[in-house]
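For ligands, and for the atoms within them, numbers begin at 1 and follow the listed sequence. For this chain, numbers begin at 1 and follow the sequence in order. What you are looking at is a predicted structure, and each value in this text was computed from that prediction instead of being measured.
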Amino acid sequence: MKVIINDSEYEAVEGETIIQLSDRIGVHIPRFCYHKHLSVVASCRMCLVDIEGIKHAQPACSTPLKEGMKIHTNSTKTKDAQKSSMEFLLINHPLDCPICDQGGECELQDVSLEHGDSHSSYMQLKRVIIDRDISPLISTDMTRCIHCSRCVRFGEEISNVKELGLLNRGEDMTIDSFIEKGVSSELSGNMIDLCPVGALNNKPYRYSARTWDLKEHSAISPHDCLGSNIYYHTYNNRIVRAVPKENQDINKTWLSDRDRFGYEGIYSNDRALKAMIRVNGKLVEYEKQVFLQELSKTITKNIEDYGSDMIGCLISGQSTNEELFLFQKLFRALSIPNIDHRTNECDFDYQYDYPLMPSLNCNFNDIGSFDNIILLGVNIKSEFPILSIRLHEASKNKTKIHSINFKSTRASLRPMMENFKLTSQTNIEDIDILNIEDILKKQNINKQKKNIIIVGPRISYLPNQSNILSMLKKLGEPYAVKIGFLTDFCNSTSGWLLGNVPHRMPAGGTCEKNGLNSIDMIKNKLKSYILFNLEPEHDFIDSKLLEQSLENSQCNIVFTSYISPMIEKYADVIIPLTVFAETSGSYINIEGRCQYFDKVINPVSTIFSGSSILKQLYNNLTDSNITLNDVKNEVIDVISNVDFNSYPSSKTQKNSTHKGKDSYIPIQRYSYFSDATVRRSISLSETEHSKKVEKTNVKLESLNTVLEK
Ligand code: SF4
Ligand code: FES
């Protein structure tokens with residue numbers, strides 16, 4: 001259909017509104033209540049435009065285009081209508097821009113300058129609203145609210161947690177949380193972005209900088225496996241806040257609170273800032289230049305003294321592709337076979353029959369195409385909030401969501417979406433016994449339909465994960481079910497793909513000699529451990545067993561960004577590492593999408609970037625001369641030549657696994673405890689979510705009894 005905007009002809013799509021077309025063609029129309037991902041309420045009247053043949057100006061956000069429609073966005077009628085709306089909106093809005101954090105990025109300020117008048121005919125006193133403390137993450141100045149209701153609709157339509165509402169009417173209308181409750185959803189920070197004025201602001205960032213002094217850095221969030229796109233804003237080389245970077249294929253315009261506030265941990269007091277070596281029982285600081293030689297000597301001596309089989313190399317799935325690739329390249333070059341990134345697991349029988357890497361087996365944009373999505377052992381709302389938005393959207397159409405989950409998660413599993421069915425609430429050990437197929441039959445899940453089972457990271461912590469995975473694989477055929485995985489670290493995909501498992505080389509290549517898996521490395525009390533980016537207290541399935549092994553071993557080499565108590569006690573060498581924002585690199589998200597990012601802030605000069613120190617060690621110990629560019633190209637080579645969902649044939653050699661009486665399910669890893677930096681975010685630790693989790697943090701030790709039977 002053809003329409004005319006400001007005397008130029010455009011092609012419009014059936015059902016398109018004036019504002020949608022003008023956004024598409026780059027014609028600016030001011031707005032407050034309209035947001036492209038929210039329903040249209042047409043309440044602020046800021047988008048009024050002149051349409052030929054209609055007496056009064058009409059709201060562009062709610063008026064659908066018709067063949068031949070002629071619209072003027074700059075005519076006197078449009079300007080007068082917008083000026084009146086602006087004057088009306090400013091009646092109660094305080095003139096406190098100089099002390100408002102929104103100043104400089106305020107939609108009201110900008111629109112008022114461009115479309116408002118220099119004086120108001122309103123001479124009465126302005127209304128004042130008393131503020132309440134609704135969240136440790138959001139500060140309120142409700143006198144500034146213009147009642148656009150974006151924040152209310154976000155809760156109703158996107159996060160599906162109705163936390164804010166419009167109370168009362170007319171002059172008395174206020175935005176408030178219901179029944180004196182606060183705002184606590186895992187996506188609450190998005191309301192800060194949506195608020196077009198300074199009524200809802202970022203509390204931790206409050207008064208720390210003016211927006212025009214900030215530098216914006218594009219990055220990839222490292223706090224879950226979705227790879228949300230993010231902007232970090234810095235002031236004097238310090239991150240002061242994070243906001244979403246729009247990517248319609250991943251996080252759209254949203255960000256989880258974990259991604260938004262997780263960076264705070266970077267400034268924790270226990271950052272590792274100096275290279276140290278234990279001498280006569282005490283950690284002694286070393287200068288960077290001498291330290292590298294000492295470190296190379298220590299690794300060589302350990303291999304000579306204990307043999308390469310007696311060294312265990314463990315790396316976090318939180319590391320970048322470049323670090324993961326170099327880690328295994330270095331230690332394999334030194335003939336050390338014991339390499340693993342799966343430190344949260346204890347049953348590894350499945351490993352020879354596992355795809356090249358864990359993958360969701362579909363793109364986020366495809367989520368809505370499934371008829372049934374069965375979530376297995378995942379509390380999607382708290383563990384993967386951004387993905388829960390996709391599921392919520394899908395559930396409004398044809399998709400039915402089912403969940404088979406742990407009993408202890410009941411408290412945090414609130415009804416999340418339409419069509420959401422809690423298929424089975426069970427002790428996870430019963431999954432074997434209950435048989436997932438029976439559950440699916442009872443739910444009348446049609447085999448002919450498009451179905452997917454999404455397996456959560458908690459399944460990988462179980463001592464019976466191999467049984468569950470093989471059962472799922474068998475189930476896949478008759479039910480034509482796809483099996484997708486979600487992982488606990490942001491780059492566990494590359495942990496597998498780039499060969500940080502004891503039985504596979506990068507791209508699933510066969511190892512000359514299979515090494516020990518992570519739990520066997522710890523159980524076998526090796527002579528030396530090398531930990532990269534791992535916190536012994538929190539990143540291992542059995543931290544007590546690990547502690548015994550670290551105590552018994554002769555030399556523990558720890559690459560770390562934080563000095564935890566166990567590191568301080570047992571590390572013989574500490575290599576202080578940059579965190580994600582202080583280095584460049586890439587991650588592969590759970591869809592298989594590789595995303596690159598650059599350094600956001602400059603680290604202190606005494607610490608090492610993970611990939612640089614691994615590269616230098618490699619060059620020192622193997623007499624080579626590779627560059628970081630070579631490494632980047634090698635990684636690209638691996639990524640671009642593989643099918644992520646293929647099954648490599650690796651040399652089968654059953655390892656002993658950690659089953660039996662000493663098996664247990666570890667405490668659940670809650671979302672604000674997911675990695676070392678997030679764990680140290682003070683704002684996140686003050687949320688209701690963190691407090692509630694502390695109360696429901698139940699150890700599921702009853703599993704031992706079941707296994708013994
Ligand atoms: S608080 Fe902000 S987003 Fe919510 S209604 Fe008021 S102005 Fe709109
Ligand atoms: S943006 Fe159209 S009425 Fe508010």
Side-chain angles (χ1 to χ4, degrees), residues 16-23 27-51 56-65 71 73 78 81-86 88-94 96 100-102 105-112 114-115 127-132 134-135 137-159 162-169 172-178 182-183 185 187-203 253:
E16 206 172 14
T17 57
I18 299 174
I19 210 165
Q20 283 171 332
L21 175 62
S22 48
D23 281 355
V27 171
H28 172 67
I29 296 178
R31 80 286 306 272
F32 291 117
C33 64
Y34 174 76
H35 186 280
K36 64 180 172 187
H37 291 313
L38 299 175
S39 61
V40 172
V41 286
S43 62
C44 73
R45 318 308 278 182
M46 194 60 232
C47 65
L48 293 176
V49 288
D50 175 11
I51 303 172
H56 297 294
Q58 297 297 308
C61 64
S62 63
T63 309
L65 289 158
I71 300 137
T73 65
T78 298
Q82 291 176 352
K83 206 175 270 185
S84 306
S85 297
M86 195 67 237
F88 184 73
L89 287 166
L90 285 173
I91 281 180
N92 278 314
H93 191 81
D96 63 348
C100 176
D101 251 358
Q102 196 85 355
E105 59 181 1
C106 175
E107 288 176 60
L108 192 73
Q109 204 176 39
D110 295 345
V111 173
S112 157
E114 202 178 337
H115 304 276
R127 182 190 62 140
V128 172
I129 308 286
I130 309 290
D131 284 309
R132 285 198 309 109
I134 59 166
S135 156
L137 307 177
I138 303 174
S139 68
T140 57
D141 287 277
M142 282 309 184
T143 304
R144 296 176 187 152
C145 173
I146 57 166
H147 302 147
C148 72
S149 79
R150 278 189 193 177
C151 55
V152 177
R153 280 174 289 145
F154 174 78
E156 285 169 356
E157 297 161 15
I158 306 294
S159 75
K162 297 170 191 167
E163 294 182 294
L164 290 179
L166 279 163
L167 308 184
N168 307 319
R169 310 193 64 168
D172 297 324
M173 186 186 280
T174 53
I175 295 285
D176 210 338
S177 56
F178 294 114
V183 169
S185 92
L187 291 157
S188 69
N190 292 295
M191 293 191 268
I192 301 167
D193 304 328
L194 285 172
C195 184
V197 297
L200 303 177
N201 268 325
N202 184 322
K203 200 180 240 181
T253 50

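Residue contacts with ligand 1, taken as heavy atom pairs separated by less than 4.0 Å, involve H147 solely via the backbone atoms N, CA, C and O. For A199, every heavy-atom contact with ligand 1 shorter than 4.0 Å involves the side chain, none the backbone.
Taking backbone and side chain together, C151 holds an N, O or S atom under 2.8 Å from atom 4 (Fe) of ligand 1.
The two residues R150 and H35 come nearest to each other via the heavy atoms NE-CB, 4.3 Å. Shortest non-hydrogen contact noted between V152 and L166 is CG2-N, 4.2 Å.
Of the options L89, L90, I91, a side-chain contact (heavy atoms from CB on, under 4.5 Å) to H93 is made by L90 and by none of the others.
Salt bridge status for D101 with K203: absent, with no side-chain N to carboxylate O gap under 4.0 Å. R132 and D176 are joined by a salt bridge, as a carboxylate oxygen and a charged side-chain nitrogen come within less than 4.0 angstrom of each other. Under the 4.0 Å criterion applied to side-chain N and carboxylate O atoms, E157 and K162 are not assigned as salt-bridge partners.
The nearest protein atom to atom 8 (Fe) of ligand 1, hydrogens excluded, is given as C148 SG, 2.4 Å; this is a heavy-atom distance. The shortest contact between atom 2 (Fe) of ligand 1 and any protein heavy atom is with C195 SG, 2.4 Å. For atom 6 (Fe) of ligand 1, the closest non-hydrogen atom of the protein is C145 SG, 2.3 Å. Among protein heavy atoms, atom 7 (S) of ligand 1 sits closest to I146 N, 3.5 Å.
One distance of note links CG of L164 with CD1 of I134; it measures 5.0 Å at 0.5 Å rounding.
Not a single heavy atom of L194 lies less than 4.0 angstrom from ligand 1.
Near L200, meaning under 4.0 Å from any of its heavy atoms, are these atoms of ligand 1: 1 (S). Of all atoms in ligand 1, listed by their number and element, those nearer than 4.0 Å to a heavy atom of S149 are 5 (S), 8 (Fe). Of all atoms in ligand 1, numbered sequentially from 1 with element shown, those under 4.0 Å from a heavy atom of V197 are 7 (S).
Without hydrogens or angle criteria, T143 side chain to I129 main chain gives a donor-acceptor distance under 3.5 Å. Looking at N92, its side chain does come within 3.5 Å of a backbone N or O of R127 through a donor-acceptor pair. Distance alone, capped at 3.5 Å, is enough to place a donor-acceptor pair between the Q82 side chain and the L48 backbone.
Protein N/O/S atoms nearer than 2.8 Å to atom 2 (Fe) of ligand 2 total 2.
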> salt bridge (Lys or Arg N to Asp or Glu O under 4.0 Å) between D96 and R144: does it pass, once the steps are laid out?
Replying inline: CA-CA 9 Å; D96 63 348; R144 296 176 187 152; 2.9 Å; yes

